Number of protein chains: 2
Amino acid sequence: MTATKKQNISASLEDYLEAIFNLTAESKTARSKDIAKSLGVSRASVTGALRLLKEKKLANYEPYGFVTLAKSGRAAAAEVVKKHNILKTFFVNVLGIEIETAQKAACRAEHALGAKVISQLLNFIEFTAKENKNGYDIVGKFWKFCEK
Amino acid sequence: MTATKKQNISASLEDYLEAIFNLTAESKTARSKDIAKSLGVSRASVTGALRLLKEKKLANYEPYGFVTLAKSGRAAAAEVVKKHNILKTFFVNVLGIEIETAQKAACRAEHALGAKVISQLLNFIEFTAKENKNGYDIVGKFWKFCEK
DNA sequence: TGACAAAGTTAGTTACAGCTAACTATATTA
DNA sequence: TAATATAGTTAGCTGTAACTAACTTTGTCA
């Protein structure tokens, strides 16, 4: 078989992939200083990360050139973004966490949780929606339960 | 005021605190080689970590001597263990994740999630138990929902 | 009690991930 | 087009966290 083994990417590099993914979605080109700003990191750190991402064939990058995600990089980034969104939605819509807190928690947890947990969280979100449609508002009852 | 500011502890050091906490609970003394074994790390790495924990006044330690947790170290360890247990319980009892998978996921997520998220997860576990007692088996329905 | 094994430490290496300061390339604009 | 500001890179440093190999300490038991 020809399956490209999914390589281990550090939490830090996942953050860079995610940032590039989001920036290119918004504005077509990911510039080094924008990546730096969005991650709260120096421009020099971005250069270092881009070199690593290139080495690992996750991003296409030449000094002073454009940054784009390679195929495997885009897949990895999409995976992280998906985890992020599911986590954030779960925290906000089910647990009732404030958006800002949920955002930060999702940023950290997205690197720590595997596919199985994430898919079950998504299932759970869908389950509560279905139950709600059927007249049983699990989330509403839970939030009331928390008020005590 | 005299509040000792809660210092930042790395995920790695939290793991060491947790290991020492669990070992002392089981067998009264935490030996370096047992810490190494339980974390899957070399003995030399343990020595380095113990030095750091001592510097930060989280553990009492002299070369070739006993290791015990200082007051603040015990508190930090207990916090991590608590997070671990709540996460694991949530993964297993609510999401229906296999125990081994849940164990590993909890190990990683315990360092990433803050107090608010954890306390809401605990609330949720208690909420489903209460609902179940009242005749509405949320978890059972969810697991059935997942089967499709 | 002395030899030996087990436990623990030290020294030195590697890799990652960040930083600042100084340099280079690019792009803008007068 | 030349000056300059902005963007990006490089070099060198720091701190964390792991490793192996070699050494020291401790404890056991013949």
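In what follows, chains carry the letters A, B, and so on, assigned in the order in which the sequence lines appear, proteins first and then strands, with residues in each chain numbered from 1. Keep in mind that this is a model prediction, so the values were computed, not measured.
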For [X] and [N], what is the distance between atoms [atom1] and [atom2] respectively, to the nearest whole Å?
| X | N | atom1 | atom2 | answer |
| --- | --- | --- | --- | --- |
| Arg51(A) | dT9(D) | CZ | P | 9 Å |
| Glu62(B) | dT10(C) | CD | P | 11 Å |
| Lys54(B) | dG8(C) | NZ | P | 16 Å |
| Asp34(A) | dA7(D) | CG | P | 8 Å |
| Leu52(B) | dA18(D) | CG | P | 10 Å |
| Leu53(B) | dA17(D) | CG | C1' | 13 Å |
| Leu50(B) | dG8(C) | CG | P | 10 Å |
| Lys56(A) | dA17(C) | NZ | C1' | 13 Å |

Item to check | More than 12 heavy atoms of other groups within 6.0 Å of Glu98(A) CD | outcome: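 Check fails, neighbour count at 12 or below.
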Looking only at side-chain atoms of [X], point me to the closest of [options].
| X | options | value |
| --- | --- | --- |
| Tyr64(A) | dG8(D), dG18(C), dG8(C) | dG8(D) |
| Arg43(A) | dG18(C), dT9(C), dA7(D) | dA7(D) |
| Leu13(B) | dA17(D), dC19(C), dA18(D) | dA17(D) |
| Ser42(A) | dG8(C), dC19(C), dA18(D) | dC19(C) |
| Ser12(B) | dA18(D), dC19(C), dA17(C) | dA18(D) |
| Ser10(B) | dT16(D), dT10(D), dT9(D) | dT16(D) |

Next on the checklist: Tell me whether Asn85(B) contacts the main-chain N or O of Val81(B) through its side chain, where contact means a donor paired with an acceptor under 3.5 Å.
Outcome noted: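 Pair found, side chain donor or acceptor close to backbone of Val81(B).
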Item to check | Sidechain-backbone polar pair: Trp143(B) side chain, Ile138(B) backbone, donor-acceptor under 3.5 Å | outcome: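 It does not hold such a pair.
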Item to check | Toward the 5' end of DNA chain D, by each residue's nearest nucleotide, Pro63(A) or Pro63(B) | outcome: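 Comparing both residues, the 5'-ward one is Pro63(A).
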Next on the checklist: Under the criterion side-chain contact (heavy atoms from CB on, under 4.5 Å), I'd like the reasoning laid out for Ile99(A) against Lys88(A): C-alpha separation, chi angles, the key distance, then a yes or no.
Outcome noted: CA-CA 8 Å; Ile99(A) 290 187; Lys88(A) 187 175 163 189; 4.2 Å; yes
Sugar-phosphate, base or nothing in reach of [X], heavy atoms under 4.0 Å:
| X | value |
| --- | --- |
| Val46(B) | nothing |
| Thr47(A) | base |
| Ala44(B) | base |
| Gly40(B) | sugar-phosphate |

Item to check | Considering all heavy atoms, the nearest Asn123(A)-Phe145(B) contact | outcome: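 Result for this residue pair: O-CE2, 3.4 Å.
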Checklist entry - Taking only N and O in the side chain of Ser32(A), is any of them less than 4.0 Å away from OP1 or OP2 of dA7(D)? => result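 Ser32(A) to dA7(D) OP1/OP2: no side-chain N or O under 4.0 Å.
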Item to check | Side-chain N,O (Tyr16(A)) to OP1/OP2 (dG18(C)) below 4.0 Å | outcome: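 Yes, within the criterion.
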Checklist entry - Where each residue is assigned the nucleotide of DNA chain C containing its nearest heavy atom, which of Ala11(A) and Lys33(B) is assigned the position nearer the 5′ end? => result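 The answer here is Lys33(B).
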Checklist entry - Do the non-hydrogen side-chain atoms of Leu53(B) and Tyr16(B) ever get within less than 4.5 Å of each other? => result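 Contact flag for Leu53(B)/Tyr16(B) side chains = yes.
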